[in-house]
K.L.:
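Just dropping this structure here.
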Amino acid sequence: MFCVKINKKGATMSIRLGYACINSTLSSHKPRVTTNRTMIKRTFLAKGLPYVSELIEKNTEDLLKILQWNEEHGITLFRMSSDITPWASKYRFEELPGYEKILSNFQKAGNFALAHGHRLSFHPGAFCCLASPREKVVQNAIIDLNVHGKIMDMLNQPRDHNAKINIHVGGAYGEPTVSIERFCKNFDRLSEATKTRLTLENDDKKNMYSVKMLYEGAYKVLGIPIVFDYHHHKFCAGGMSEHEALEMAASTWGNIIPNCHYSESQCIEKNIKCSPTAHSDYVYNKINDYGLNLDVCLEAKAKELAVLKYREMFENHEIALRNVV
DNA sequence: ATAGGTCAAGCGAGG
DNA sequence: CCTCGCTTGACCTAT
């Protein structure tokens, strides 16, 4: 079924664009506006929770500022940075001296998002391996994921995949079928706040997880929706075309708008030798939605500027054309 | 103020 | 064996 969204100007569009973690415009302001204040281990050990609390208070204040900037620029899809709460797997938020303020900041930001129809998400790090054969690694992954679930709760976000916490399976260990079974077993150990929001993304390495493998190994077992990454699919297609893989991923979302990632290769953009999986600053091609209604997070180094540029290249142009016709 | 080296965690790919 | 890439450049010290 084809759904059409109407934006404020009354134009039709079937892709909502967003970006990840950093607003480059605001982070170059003085004083800078960022949610990415963090610290190295030595500083964490030396300064402890009071300093952590101080940074999180600033980060959470700035989250609201970024969302306000997004609202002013018509961007309603945003992936939050896990750096917003540095070292959060090592303490409980309630232990922080500024906890009340932090909770309040989170609530303000989350309520702003709800009030203006913004969709927020997380993408916890590559170190988060729920499929690991090593129990200690799994325990760390569970703690880290549950921190993200807790933050989504503090943000008053729904306990469903609108407020997604997206990860990769984390490792195939040469036996992907066995490893994704282990992933499913460990999924049960997560908190409700996390389980209800968790999604899985296809990998960019051919010995890891394609959309089809995620579908068979995790969606059919647990109902976990699949985030389709256009760029990754090029390196791990699992025998499917882009269209087929996107359709399959989109079918896992029920009544929630499917979330996708889109990026392009830096070596092509810059005409240099580099890893083909490294991301470009901007994106240059029109994203094919194959007639689906999608939320697409641009993974481009220029961040929000890449969203604005994409719109200039494609959406404004289309609107202009439509007005002519 | 800025440059340069360094930085929690896991895994897989490539040299 | 080492480095890179990944959710992301930011932190910290010396100058």
K.L.:
Any base atoms under 4.0 Å from A/K136, or only sugar-phosphate, or nothing? Heavy atoms, all strands.
P.N.:
nothing
K.L.:
May I ask you to check whether A/Y262 and A/Y230 place their ring centers less than 6.0 Å from one another?
P.N.:
yes
K.L.:
Any salt bridge between A/K234 and A/D204, counting N to O under 4.0 Å?
P.N.:
no
K.L.:
Quick check on side-chain hydrogen bond (donor to acceptor under 3.5 Å, both in side chains): which of A/E242, A/E247, A/H243 does A/Y290 satisfy it with?
P.N.:
A/E242
K.L.:
Which of these nucleotides, C/dG9, C/dC11, C/dT7, is closest to any side-chain atom of A/I22?
P.N.:
C/dG9
K.L.:
Starting at the 5' end of DNA chain C, which residue's closest nucleotide do you reach first, A/Y51 or A/A20?
P.N.:
A/A20
K.L.:
Where the side chain of A/D203 meets the backbone of A/Y209, is there a donor-acceptor pair that is under 3.5 Å apart?
P.N.:
yes
K.L.:
Just checking A/S82: base, sugar-phosphate only, or nothing, at a heavy-atom cut-off of under 4.0 Å?
P.N.:
base
K.L.:
Under the ring pair (Phe, Tyr, Trp, His ring centres under 6.0 Å) test against A/F235, which residue among A/H231, A/H232, A/H233 passes?
P.N.:
A/H231
K.L.:
Return the residues of residues 154-167 of chain A meeting this criterion: a heavy atom under 4.0 Å from some atom of DNA chain B. Order them by number, or give none.
P.N.:
none
K.L.:
Taking the six-membered ring for Trp, are the ring centroids of A/H123 and A/H168 within less than 6.0 Å of each other?
P.N.:
yes
K.L.:
Counting only side-chain heavy atoms from C-beta out, which of C/dT7, C/dC6, C/dA10 sits nearest to A/R79?
P.N.:
C/dT7
K.L.:
Strictly below 4.0 Å, N to O, side chains only: are A/D62 and A/R32 in salt-bridge contact?
P.N.:
no
K.L.:
Using Watson-Crick and G-U wobble pairs with both distances under 3.5 Å, what is the 5'-to-3' dot-bracket string of DNA chain B, with [ ] for crossing pairs and | for pairs outside the strand?
P.N.:
|||||||..||||||
K.L.:
Are A/H168 and C/dT7 close enough that a side-chain N or O sits under 4.0 Å from OP1 or OP2?
P.N.:
yes
K.L.:
Whether the A/T177 and A/E181 side chains hold a donor-acceptor pair (N or O, under 3.5 Å, no angle test) is what I'd like checked.
P.N.:
no
K.L.:
Walk along nucleotides 7-13 of chain B from 5' to 3' and tag each nucleotide B, S or - by protein heavy-atom contact under 4.0 Å, base first, then sugar-phosphate.
P.N.:
SBBBSSS
K.L.:
For a quick test of reading the model, state the closest non-hydrogen atom pair linking A/I257 to A/R119 and the distance between them.
P.N.:
O-NH1, 2.8 Å
K.L.:
Tell me if B/dT6 is syn or anti. Syn = glycosidic torsion within 90° of 0, anti otherwise.
P.N.:
anti
K.L.:
One thing to verify: whether A/E94 and A/K150 come together as a salt bridge, which I'm taking to mean a side-chain N less than 4.0 angstrom from a carboxylate O.
P.N.:
yes
K.L.:
With a 3.5 Å distance limit and no angle check, can you tell me whether A/T60 reaches the backbone of A/I56 through a side-chain donor-acceptor pair?
P.N.:
yes
